[in-house]
Number of protein chains: 2
Amino acid sequence: MNLKELASKLGLSPTTVSRALNGYPEVNEATRARVMAAAKRHNYRPNTRAIRLATGRAMAVGHVIPVATRHEIVNPVFADFIAGAGESYSRNGYDMVLSVVPDDAEEEAYRDLRSRGAVDGVILHAPRMDDPRIPLLHEVGLPFVVHGRATGAGLPYSWVDVNNRRAFQRATEFLLDLGHTRIGLVNGLEFMDFAIRRRTGFADALAARGLSIDPDLCASDEMTEVAGFRAASAMLDLPAPPTAFLVASMISGMGVRRAIESRGLRMGRDVSVIIHDDDLSYMKNGEDVPIFTATRSSVREAGRIAAEMLMLRIAQPDAPPETRLLEAELIIGQSTGPAPRNG
Amino acid sequence: MNLKELASKLGLSPTTVSRALNGYPEVNEATRARVMAAAKRHNYRPNTRAIRLATGRAMAVGHVIPVATRHEIVNPVFADFIAGAGESYSRNGYDMVLSVVPDDAEEEAYRDLRSRGAVDGVILHAPRMDDPRIPLLHEVGLPFVVHGRATGAGLPYSWVDVNNRRAFQRATEFLLDLGHTRIGLVNGLEFMDFAIRRRTGFADALAARGLSIDPDLCASDEMTEVAGFRAASAMLDLPAPPTAFLVASMISGMGVRRAIESRGLRMGRDVSVIIHDDDLSYMKNGEDVPIFTATRSSVREAGRIAAEMLMLRIAQPDAPPETRLLEAELIIGQSTGPAPRNG
DNA sequence: GGGGATTCCGAAAACGTTTTCGGATGCGTT
DNA sequence: AACGCATCCGAAAACGTTTTCGGAATCCCC
């Protein structure tokens with residue numbers, strides 16, 4: 001059932017039917033009602049392909065996800081962000097298209113999406129320092145919103161991000177208040193912008209108490225269970241091991257916990273741990289009482305917000321960039337306690 | 001730069017340029033080369049929207065992911081499957097569109113995708129027993145491939161699945177061979193088809209040794225860390241606790257491990273654990289030597305295969321359904337050992 | 001009852017491709 | 001020289017909408 005058929009069934013022109021369905025004012029309310037009823041009865045749905053060609057809009061937004069060797073982006077955090085964004089899209093009649101490409105073809109993928117006219121805008125994931133994708137997207141004129149920030153990007157752009165610096169600063173202060181002075185940082189990859197900011201927050205809090213970073217107590221790696229285990233193990237085997245850890249994610253945190261417990265130590269008593277909790281639907285940090293003390297910020301909510309922002313930008317491409325800084329809350333769980341007396 | 005402009009720049013008709021670029025034989029090789037060169041020079045890319053309208057194909061496949069109350073599908077396993085499928089799609093010039101909808105609107109979402117002409121086919125996720133979506137997709141005539149199987153579906157359909165029954169049967173036999181007789185099953189939700197099959201494999205192996213299932217040693221819940229912890233805790237607190245666990249996923253397994261260790265027991269010595277390992281990129285089961293003994297099957301690979309199958313079906317909608325049963329391998333890690341003498 | 005404004009609707013162009021149908025040219029064969 | 005057959009190319013229709021432009025009623029107001 002297409003527009004022409006529906007129109008002839010109603011004894012109207014396609015023009016009028018189209019206008020009736022799209023809420024244009026220049027159509028009699030009586031005939032509009034008649035058209036609506038007929039459309040519902042024959043469950044007519046306008047052909048997306050034709051709409052897209054006629055209007056010149058794709059009514060779709062893209063997420064390109066690089067894959068393979070270097071750095072794995074397909075992680076649970078990403079999945080939850082996507083889910084949040086997807087909710088916003090479908091509420092607004094947009095489609096979400098995911099483009100999985102080898103990581104050396106990412107820039108090409110953006111150009112491609114743009115010139116093929118497959119999407120109206122994109123979300124940029126996992127920004128790095130001086131991220132080349134930002135000037136690229138400006139150049140090709142594709143509206144975009146960044147999830148995170150990219151230190152060093154010359155041009156202004158829209159972003160939504162968690163206040164990572166502040167979150168880790170507060171977490172560090174909390175540990176310091178408990179008497180911990182040797183704190184291990186199990187960070188994400190430090191070419192990622194968020195990891196840099198977290199490290200800064202960590203360093204700032206230490207500096208404010210006259211302490212400085214011990215390079216032996218800093219690790220930077222993928223946020224996997226195994227990497228967390230490896231990093232924590234190395235630090236715990238030091239002559240002067242840390243009494244507390246600041247950890248980049250829930251998953252890394254599980255590895256850290258395993259390292260602690262496999263040495264016969266108990267988390268929360270012998271060694272304290274604070275993680276960053278993205279509030280993932282499939283990785284809840286406990287039920288009523290949190291397992292880990294954590295800095296928490298829902299990445300799913302961030303996805304919703306980023307999507308809304310992007311659709312707004314698409315509607316008004318010349319509006320000034322919008323930014324949104326989300327504060328993480330510090331929630332107290334069972335994984336922290338006062339520093340042991342004679343560490 | 002569109003086709004008409006490129007054609008006039010070359011002094012050719014749009015027809016010829018189109019044919020040259022799409023490899024049709026009725027064009028002189030010399031002019032084809034000239035066209036190709038010009039296309040590359042002006043980096044012309046045909047407009048997807050126009051192609052879709054002209055050819056009547058969407059060159060896109062859909063994944064609808066229900067979200068909200070009932071059952072959370074946005075999990076790491078899903079993410080890895082998507083990544084695998086996405087690789088296949090982009091290699092073949094297909095787009096992947098994700099439709100995130102409230103779970104009571106899932107059927108409507110399929111009808112919508114179909115009648116709007118937004119996709120050429122879909123992948124069906126997380127099939128349940130007597131899944132109503134299978135007859136629905138048959139009815140609306142949308143090519144599809146199921147990830148998993150749905151016991152009770154009357155009509156034939158294409159699927160790719162892991163041999164879950166056999167995997168859990170083998171794992172159970174392995175534990176029995178080690179002398180374990182009280183084995184706890186920490187299963188997924190048992191309205192999901194794969195969970196039913198795993199339970200069957202478990203029961204079959206027990207029955208073959210003259211044992212039967214103890215209802216107290218069976219749990220069925222979401223595959224989260226918390227749920228795994230809860231289930232294992234309950235069983236370990238039984239008067240006659242299990243000496244081994246069979247666990248549905250890596251994440252549940254971490255909860256089980258936490259339950260074991262929080263009781264001062266050691267996994268692999270006091271209590272054995274076998275998990276199912278989907279070989280997730282972000283949840284590797286150890287590096288060189290696996291942490292958990294596991295039945296392993298790459299869900300990413302399953303995604304690749306399912307995508308290939310779907311694109312084939314789209315090309316030949318009348319071909320008979322194709323099926324693909326993947327065997328899981330049993331890999332030995334550090335989480336299993338002989339049953340303790342006096343359990 | 002004549003004028004302009006308002007209301008409602010339709011014909012046709014446009015979006016950028018693919019595809020059908022046919023036409024022109026050149027070549028080999030009789 | 002006539003014919004058939006490849007070979008190569010173009011005009012125009014088609015895909016299913018939206019949108020522009022205009023036209024015919026009807027209404028309102030003096």
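Below, read A as the first sequence line, B as the second, and so on, with proteins coming before strands; counting in each chain starts at 1.
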task: For the pair A:D193 and A:R128, find out whether any cationic side-chain nitrogen is under 4.0 Å from an anionic carboxylate oxygen.
output: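 Salt bridge: no.
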
field: Pairwise 5' ranking along DNA chain C for A:P14 and A:P25, keeping only the more 5' one
entry: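 The residue mapped nearer the 5' terminus is A:P25.
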
- prompt: Rounded to whole angstrom units, what separation is found between the NZ atom of A:K4 and the P atom of C:dA12?
  reply: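 Taking NZ of A:K4 and P of C:dA12, I get 13 Å after rounding.
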
- prompt: For A:R19, which contact category applies under a 4.0 Å heavy-atom criterion: base, sugar-phosphate, or nothing?
  reply: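 Since a base atom lies under 4.0 Å of A:R19, the category is base.
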
- request: Could you state the atom-to-atom distance from CZ of A:R49 to P of D:dT18 in whole Å?
  value: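 Distance, rounded to whole Å: 15 Å.
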
- request: Please determine if a side-chain N or O atom of A:Y24 lies less than 4.0 Å away from the OP1 or OP2 oxygen of C:dT7.
  value: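 Negative; the distance criterion is not met.
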
query: Ignoring hydrogens and geometry, is there a side-chain-to-backbone donor-acceptor pair from B:R32 to B:A20 under 3.5 Å?
result: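 Present.
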
task: Starting at atom CD1 of A:I51, determine the distance to atom P of C:dA14, rounded to an integer number of angstrom.
output: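 Distance check: A:I51 CD1 to C:dA14 P gives 21 Å.
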
message: From CG of B:L3 over to C1' of D:dC9, roughly how many Å is that when rounded to an integer?
response: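 My rounded result for the distance is 14 Å.
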
message: OP1 or OP2 of D:dC9 versus the side-chain N and O atoms of B:T16: is any pair under 4.0 Å?
response: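 No, because none of the side-chain N or O atoms of B:T16 sits under 4.0 Å from OP1 or OP2 of D:dC9.
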
message: If I take atom CG in residue A:L12 and atom P in nucleotide C:dT7, what distance separates them, rounded to the nearest angstrom?
response: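 In whole Å, C:dT7 P lies 19 Å from A:L12 CG.
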
task: Find the distance A:M1:CE to D:dT17:C1' and express it as a whole number of Å.
output: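 Result: 16 Å.
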
B:Y157 side chain to B:A150 backbone, donor-acceptor under 3.5 Å: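 Yes; at least one donor-acceptor contact below 3.5 Å.
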
- request: Provide, to the nearest angstrom, the distance between the CG atom belonging to A:L21 and the P atom belonging to D:dT17.
  value: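 After rounding, the gap between these two atoms is 10 Å.
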
- prompt: To the nearest Å, how far apart are A:R57 CZ and D:dG16 P?
  reply: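 Taking CZ of A:R57 and P of D:dG16, I get 20 Å after rounding.
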
- prompt: Counting side-chain heavy atoms from CB outward, which of C:dC9, C:dT18, D:dG16 is closest to A:N47?
  reply: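 Comparing C:dC9, C:dT18, D:dG16 against the side chain of A:N47, the answer is D:dG16.
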
message: From the set C:dC9, C:dT19, D:dT19, return the single nucleotide nearest to any side-chain atom of B:S18.
response: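 Per side-chain heavy atoms of B:S18, the pick is C:dT19.
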
- prompt: Is the phosphate of D:dC15, meaning OP1 or OP2, less than 4.0 Å from a side-chain N or O of A:N2?
  reply: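 No, because none of the side-chain N or O atoms of A:N2 sits under 4.0 Å from OP1 or OP2 of D:dC15.
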
- prompt: Which part of the nucleic acid, if any, lies within contact of A:T15, taking any heavy atom under 4.0 Å across all strands shown: a base, the sugar-phosphate backbone alone, or nothing?
  reply: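 Result for A:T15 = base.
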
query: If you check every side-chain atom of B:A54, which of D:dG16, D:dC15, C:dC8 has the closest atom?
result: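 Given the options D:dG16, D:dC15, C:dC8, the side chain of B:A54 is closest to D:dC15.
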
Shortest side-chain distance from A:T31, nucleotide among C:dC9, D:dC9, D:dG16: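 The answer is C:dC9.
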
task: Could you tell me whether B:L53 contacts a base, only the sugar-phosphate backbone, or nothing, with contacts defined as non-hydrogen atoms closer than 4.0 Å?
output: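 The answer is base, as B:L53 lies within the cut-off (heavy atoms under 4.0 Å) of a base atom.
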
message: Other residues, nucleotides and ligands only: do more than 12 of their heavy atoms fall within 6.0 Å of CD on A:Q316?
response: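 Counting other residues, nucleotides and ligands, CD of A:Q316 stays at 12 neighbours or fewer.
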
- prompt: In Å, rounded to the nearest 0.5 Å, how long is the span from CD1 of B:I51 to CG of A:L53?
  reply: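 Answer rounded to 0.5 Å: 11.0 Å.
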
